[in-house]
Amino acid sequence: MDETDRQAAFVRLVGGQERADRLQWIWNNSYPSGTEYDRIFWPGRYKTKERVFRLKARRDGFKDDEISSFLEL
């Protein structure tokens, strides 16, 4: 399966190009949260870009398998 086939399968999984584009928008607007100090001394406070993305995508109604599929592309 080449890249184009994987992208087409992903678009079908999430329910269309509009939802796929929405996930891309969420990814582009997700940033790490917290400081280096938080990461060292309070690991629960620091969130990576991926963690912030997953939280935002879930809040927007995406399922875990859809989110993971996006991250695998």
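Note that these values count all heavy atoms, side chains included, but never hydrogens, waters or copies made by symmetry. None of these values were measured; they are calculated from a predicted model.
- Taken to the nearest 0.5 Å, the OG atom of Ser68 stands 11.0 Å off from the CG atom of Leu73.
- Between Arg51 and Pro32, every side-chain heavy-atom pair lies at or beyond the 4.5 Å cut-off.
- Residue Val52 is not grouped with residue Leu71 when hydrophobic side chains (ILVMFWY) are merged at heavy-atom distances under 4.5 angstrom, including chains of intermediate members.
- Thr35 has its side chain within reach of Asp38: a pair of non-hydrogen atoms, C-beta onward, lies under 4.5 Å apart.
- At least one side-chain heavy atom of Phe53 sits under 4.5 Å from a side-chain heavy atom of Phe70.
- Under a hydrophobic clustering in which Ile, Leu, Val, Met, Phe, Trp and Tyr are joined whenever their side-chain heavy atoms come within less than 4.5 Å, directly or via other members, Ile40 and Tyr37 fall into the same cluster.
- Within 6.0 Å of atom CD in Glu18, 12 or fewer heavy atoms from other residues, nucleotides or ligands are found, so the atom counts as exposed in its surroundings.
- Distance check, rounded to the nearest 0.5 Å: CD of Glu72 to CD1 of Ile67 gives 12.0 Å.
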Would you list the atom pairs, donor with acceptor, under 3.5 Å between side chains in residues 56-63 and any protein atom, with sequence neighbours excluded?
| residue | atom | partner | partner atom | Å |
| --- | --- | --- | --- | --- |
| Lys56 | NZ | Asn29 | O | 2.5 |
| Arg58 | NE | Asp64 | OD1 | 2.7 |
| Arg58 | NH2 | Asp64 | OD1 | 3.2 |
| Asp60 | OD1 | Arg22 | NH2 | 3.3 |
| Asp60 | OD2 | Arg22 | NE | 2.8 |

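- We find the CZ-OG distance between Arg45 and Ser33 to be 10.5 Å, quoted to the nearest 0.5 Å.
- Between Arg19 and Glu66 there is a salt bridge, with a side-chain nitrogen of the basic residue lying less than 4.0 Å from a carboxylate oxygen of the acidic one.
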| message | Set out, in order, the CA-CA distance, both residues' side-chain angles and the distance that settles side chain to side chain contact (heavy atoms under 4.5 Å, CB included) for Phe10 and Leu23, then state yes or no. | response | CA-CA 11 Å; Phe10 167 72; Leu23 269 177; 3.7 Å; yes
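- Between atom CG of residue Asp21 and atom CD1 of residue Ile26 there is a gap of 11.0 Å, rounded to the nearest 0.5 Å.
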